[in-house]
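Indexing begins at 1, ligand by ligand and atom by atom, following the structure's order.
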Amino acid sequence: MTFVVTDNCIKCKYTDCVEVCPVDCFYEGPNFLVIHPDECIDCALCEPECPAQAIFSEDEIPAGMENFIELNAELAEIWPNITEKKDELPEAKEFDGTPGKIQYLER
Ligand code: SF4
Ligand code: F3S
């Protein structure tokens, strides 16, 4: 079992999540964060910390977002680790809640 970062993180990237993760299993791309599924210990601490409510347990992923399970696993292998909070993206407030942000994902 793992937790998964989903669509609403894209173009927001608040990074509050990384501060509470006891095993530092977040990885950072240009406008999205992912969780490494083999490192996540399923502690659930990050889920309530995300202002964009973008983090879900693997077994509670909203319908239509199942593809993010594979996407997290794939990108966690190539993106660098992030362990400290930084400022959210400048467009975070504007895009928080916009559906279908996968089209904006930068790799
Ligand atoms: Fe880290 Fe726990 Fe969130 Fe997994 S559930 S990413 S271990 S804070
Ligand atoms: Fe993204 Fe939420 Fe973390 S917006 S960076 S999953 S706090």
Name the closest protein heavy atom to atom 4 (Fe) of ligand 1, giving the residue it belongs to and the distance to 0.1 Å.
Cys40 SG, 2.4 Å
Compute the ring centroids of Tyr104 and Phe95, then answer whether they are less than 6.0 Å apart.
yes
Check each of Ala44, Ser57, Pro37, Cys50 against atom 5 (S) of ligand 1 and report the one with the nearest heavy atom.
Ala44
Just by modelled atom types, is the Glu106 backbone N or O under 3.5 Å from a matching donor or acceptor in the Asn31 side chain?
yes
Closest heavy-atom pair, Val4 versus Glu58, reported as atoms and distance to 0.1 Å, is CG2-CA, 4.2 Å
Is Cys21 close enough that one of its N/O/S atoms sits under 2.8 Å from atom 1 (Fe) of ligand 1?
yes
For atom 4 (S) of ligand 2, what is the nearest protein heavy atom, given as residue, atom name and distance?
Tyr14 N, 3.5 Å
Exercise: identify the closest heavy-atom pair between Leu45 and Pro22
CD1-CD, 4.3 Å
At what distance is the nearest protein heavy atom to atom 3 (Fe) of ligand 1, and which residue and atom is it?
Cys46 SG, 2.3 Å
Counting N and O atoms only, with roles assigned by atom type, does the side chain of Lys85 sit under 3.5 Å from a partner on the main chain of Tyr14, one being a donor and the other an acceptor?
yes
Closest to atom 7 (S) of ligand 1 among protein heavy atoms sits Ile41 N, 3.4 Å
Which part of Val23 is near ligand 1, with near meaning a heavy atom under 4.0 Å away: side chain, backbone, both or neither?
side chain
Nearest atoms (heavy-atom pairs only) where Gly97 meets Asn8
N-OD1, 2.8 Å
Distance, nearest 0.5 Å, that separates CE of Met65 from OG1 of Thr6
5.0 Å
Examine the proximity of ligand 1 to Cys17 and report which part, side chain or backbone, both or neither, has a heavy atom under 4.0 Å away.
neither
Hey, what do you get for SG (Cys43) to CZ (Phe3), rounding to the nearest 0.5 Å?
7.0 Å
If the cut-off is 4.0 Å to any non-hydrogen atom of Cys43, which atoms of ligand 1 fall inside it?
2 (Fe), 5 (S), 7 (S), 8 (S)
So if I count the atoms of ligand 1 from 1 in the order they appear, which ones are less than 4.0 Å from some heavy atom of Cys25?
1 (Fe), 6 (S)
When rounded to the nearest 0.5 angstrom, what distance separates CG in Leu33 from SG in Cys50?
9.5 Å
Near Cys50 (heavy-atom distance under 4.0 Å), the atoms of ligand 2 are 2 (Fe), 4 (S), 6 (S), 7 (S)
A student checking ligand 2 against Thr15 at a 4.0 Å heavy-atom cut-off should list atoms 3 (Fe), 5 (S), 7 (S)
Can you sort out which atoms of ligand 1 are near Ile35, meaning under 4.0 Å from one of its heavy atoms?
6 (S)
Heavy-atom pair with the smallest gap, counting every atom of Lys101 and Ile10:
NZ-O, 2.8 Å
Checking side-chain polar atoms at under 3.5 Å, does Asp24 have a donor or acceptor matched by the opposite partner on Asn81?
no
Which atoms from ligand 2 have a heavy atom of Ile55 less than 4.0 Å away?
6 (S)
Heavy atom of the protein closest to atom 3 (Fe) of ligand 2 (residue, atom name, distance):
Cys17 SG, 2.3 Å
In ligand 2, which numbered atoms sit nearer than 4.0 Å to a non-hydrogen atom of Cys9?
1 (Fe), 4 (S), 5 (S), 6 (S)
Under 4.0 Å from a heavy atom of Phe26: give me the atoms of ligand 1 that qualify, with their elements.
6 (S)
Phe26 and Met1: same hydrophobic cluster, using ILVMFWY side-chain contacts below 4.5 Å?
no
Ligand 2 atoms in contact with Val5 (distance to a heavy atom under 4.0 Å)
6 (S)
For Pro51, take its heavy atoms, then give the atoms of ligand 2 lying under 4.0 Å from any of them.
7 (S)
With atoms numbered from 1 as shown, which atoms in ligand 2 lie under 4.0 angstrom from a non-hydrogen atom of Asp16?
7 (S)
